[in-house]
Amino acid sequence: MSELEVLQEKIKVALIQYEQKELYEQALKVYEEVEMKLSHLERETNTSMNQDLIYKELAQIYLRKASMLRAMQRISEAEQANQSELFYAEKSGDEIAFAQSLFSTGVQKISTGEKEKGLDYLEKAKAVFRTGNTVDHQQGLGWYWIIQADLANAGYTKRSKEEIIQYGEQALSILEKINNPQGIKRAKAAQKQALKEL
């Protein structure tokens, strides 16, 4: 197993063991350790193919960091992480890393009150996710519909309860096919909230 693969595994483990259980401090600590090691690898690597893979992982780690910092209400730090994420996603040349970063930037902008900009980024992300049919493309599209339902439920966008339930259906039709339990749970929760208010 290469050093890069070891770091990728660490990100996955932290996501499942800490982030998904809302243990944000612990997740952030792991992500910051991985970030330091990736930055070191970036400086040491001299082949462009390996460099692109490292850029992709750096984009991923900054995406995770920004998400944790937002959850902890450390908004200005989340903003910095998000800018690094977008920078490395573009640099990597990887379509999925770029789309995920557009998506994350949309969420970041909305959380700092730049609603129109944020919604625009989400639409750009959706357009990229729709260009392919891999699991990653599908997952991105499914989460696009979840975020739309969540935003409407929270009153950020004006949508009817029926529309919100429909957004949940769109998400479920995609995420059930690829067996994404976290997404399925979130889509059903958004629908439940809309149904309760109907």
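Values below: every heavy atom of this structure, side chains too, minus hydrogens, waters and symmetry copies. Positions are given from 1 along the sequence.
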Engineer: With rounding to the nearest 0.5 angstrom, report the CD to CG distance, Gln8 to Leu38.
Structural biologist: 8.5 Å
Engineer: Considering only heavy atoms from C-beta outward, does the side chain of Asp94 approach that of Asp52 to under 4.5 Å?
Structural biologist: no
Engineer: Might you work through the side-chain contact (heavy atoms from CB on, under 4.5 Å) test for Met68 and Arg74, ending with a clear yes or no?
Structural biologist: CA-CA 9 Å; Met68 290 302 84; Arg74 289 160 61 178; over 6 Å; no
Engineer: Is there side-chain contact between Ile146 and Leu175, with at least one heavy-atom pair below 4.5 Å?
Structural biologist: yes
Engineer: Heavy atoms only: give me the nearest Ala99-Phe129 pair and the separation to one decimal.
Structural biologist: CB-CE2, 3.5 Å
Engineer: Determine, stepwise, if the pair Glu25 / Lys29 fulfils side-chain contact (heavy atoms from CB on, under 4.5 Å).
Structural biologist: CA-CA 6 Å; Glu25 289 281 1; Lys29 194 178 171 197; over 6 Å; no
Engineer: Quick one: do Leu15 and Leu23 end up in the same hydrophobic cluster if we chain Ile, Leu, Val, Met, Phe, Trp and Tyr together by side-chain heavy atoms under 4.5 Å apart?
Structural biologist: yes
Engineer: Is Leu102 linked to Leu122 within one hydrophobic cluster, defined over Ile, Leu, Val, Met, Phe, Trp and Tyr using a side-chain heavy-atom separation of less than 4.5 Å?
Structural biologist: no
Engineer: Any chance you could measure Ile16, atom CD1, to Gln182, atom CD, to the nearest 0.5 Å?
Structural biologist: 9.5 Å
Engineer: Roughly how far, to the nearest 0.5 Å, is the CD atom of Glu57 from the CG atom of Leu7?
Structural biologist: 8.0 Å
Engineer: Do Ser84 and Leu58 have side chains that get closer than 4.5 Å, going by heavy atoms?
Structural biologist: no
Engineer: Is there side-chain contact between Gln193 and Glu197, with at least one heavy-atom pair below 4.5 Å?
Structural biologist: yes
Engineer: In this structure, which one of Glu77, Glu35, Glu85 forms a salt bridge (Lys or Arg N to Asp or Glu O under 4.0 Å) with Lys65?
Structural biologist: Glu35
Engineer: Is atom CD of Glu5 surrounded by more than 12 heavy atoms (other residues, nucleotides or ligands) closer than 6.0 Å?
Structural biologist: yes
Engineer: Residues two or more places apart in sequence or in another chain: which of them pass ring pair (Phe, Tyr, Trp, His ring centres under 6.0 Å) with Tyr167?
Structural biologist: Trp145
Engineer: Can you check whether Tyr88 reaches Glu42 side chain to side chain, under 4.5 Å on heavy atoms?
Structural biologist: yes
Engineer: Apart from Val6 itself, what residues make up its hydrophobic cluster when side-chain heavy atoms of I, L, V, M, F, W and Y under 4.5 Å apart count as a link, directly or indirectly?
Structural biologist: Met1
Engineer: What pairs meet the side-chain hydrogen bond (donor to acceptor under 3.5 Å, both in side chains) rule with one or both residues in residues 133-144, with sequence neighbours excluded?
Structural biologist: Glu95-His137, Glu123-Tyr144, Asn133-Gln138, Thr134-His137, Gln139-Asn180, Tyr144-Gln148
Engineer: With a sphere of 6.0 Å drawn around NZ of Lys56, does it hold more than 12 non-hydrogen atoms of other residues, nucleotides or ligands?
Structural biologist: no
Engineer: Counting N and O atoms only, with roles assigned by atom type, does the side chain of Lys115 sit under 3.5 Å from a partner on the main chain of Tyr156, one being a donor and the other an acceptor?
Structural biologist: yes
Engineer: What pair of heavy atoms forms the shortest contact from Val30 to Ala14, and how long is it?
Structural biologist: CG1-CB, 3.7 Å
Engineer: Mind checking the CZ-CD spacing from Arg64 to Glu32? Nearest 0.5 Å is all I need.
Structural biologist: 14.0 Å
Engineer: Under 6.0 Å from the NZ atom of Lys161, do we count more than 12 heavy atoms belonging to anything else shown?
Structural biologist: yes
Engineer: Between Asp120 and Lys124, does at least one N-O distance fall below 4.0 Å, as a salt bridge requires?
Structural biologist: yes
Engineer: With rounding to the nearest 0.5 angstrom, report the CD1 to CZ distance, Ile54 to Arg43.
Structural biologist: 11.0 Å
Engineer: I'd like to know if the side chain of Thr105 and the backbone of Ser101 have a donor-acceptor N/O pair within less than 3.5 Å.
Structural biologist: yes
Engineer: More than 12 non-hydrogen atoms from neighbouring residues, nucleotides or ligands closer than 6.0 Å to OH on Tyr55, yes or no?
Structural biologist: yes
Engineer: If you count every heavy atom of other residues, nucleotides or ligands that lies below 6.0 Å from Met36 atom CE, does the total exceed 12?
Structural biologist: no
Engineer: Given Lys126 and Phe103, is the side-chain contact (heavy atoms from CB on, under 4.5 Å) satisfied, shown in steps?
Structural biologist: CA-CA 8 Å; Lys126 178 191 177 192; Phe103 187 95; over 6 Å; no
Engineer: Quick one: OG1 on Thr157 to CD1 on Ile147, what's the gap to the nearest 0.5 Å?
Structural biologist: 11.0 Å
Engineer: Take Leu198 and Ile165 through the side-chain contact (heavy atoms from CB on, under 4.5 Å) test and state the conclusion after the steps.
Structural biologist: CA-CA 10 Å; Leu198 253 180; Ile165 291 161; 3.8 Å; yes
Engineer: With Tyr31 as reference, evaluate Gln26, Glu19, Lys10 under the side-chain hydrogen bond (donor to acceptor under 3.5 Å, both in side chains) test and give the passing residue.
Structural biologist: Glu19
Engineer: Side chains of Gln108 and Tyr121: donor-acceptor distance under 3.5 Å anywhere?
Structural biologist: no
Engineer: Quick check on Lys91: does its NZ atom have over 12 non-hydrogen neighbours (other residues, nucleotides or ligands) under 6.0 Å away?
Structural biologist: yes
Engineer: With the side chain counted from C-beta on, respond yes when Arg159 and Leu151 share a heavy-atom pair under 4.5 Å apart, and no when they do not.
Structural biologist: no
Engineer: For residues Ala97 and Ala89, report the shortest heavy-atom separation together with the two atoms involved.
Structural biologist: O-CB, 3.6 Å
Engineer: Would you call Leu172 and Gln191 a side-chain contact if the rule is heavy atoms closer than 4.5 Å?
Structural biologist: yes
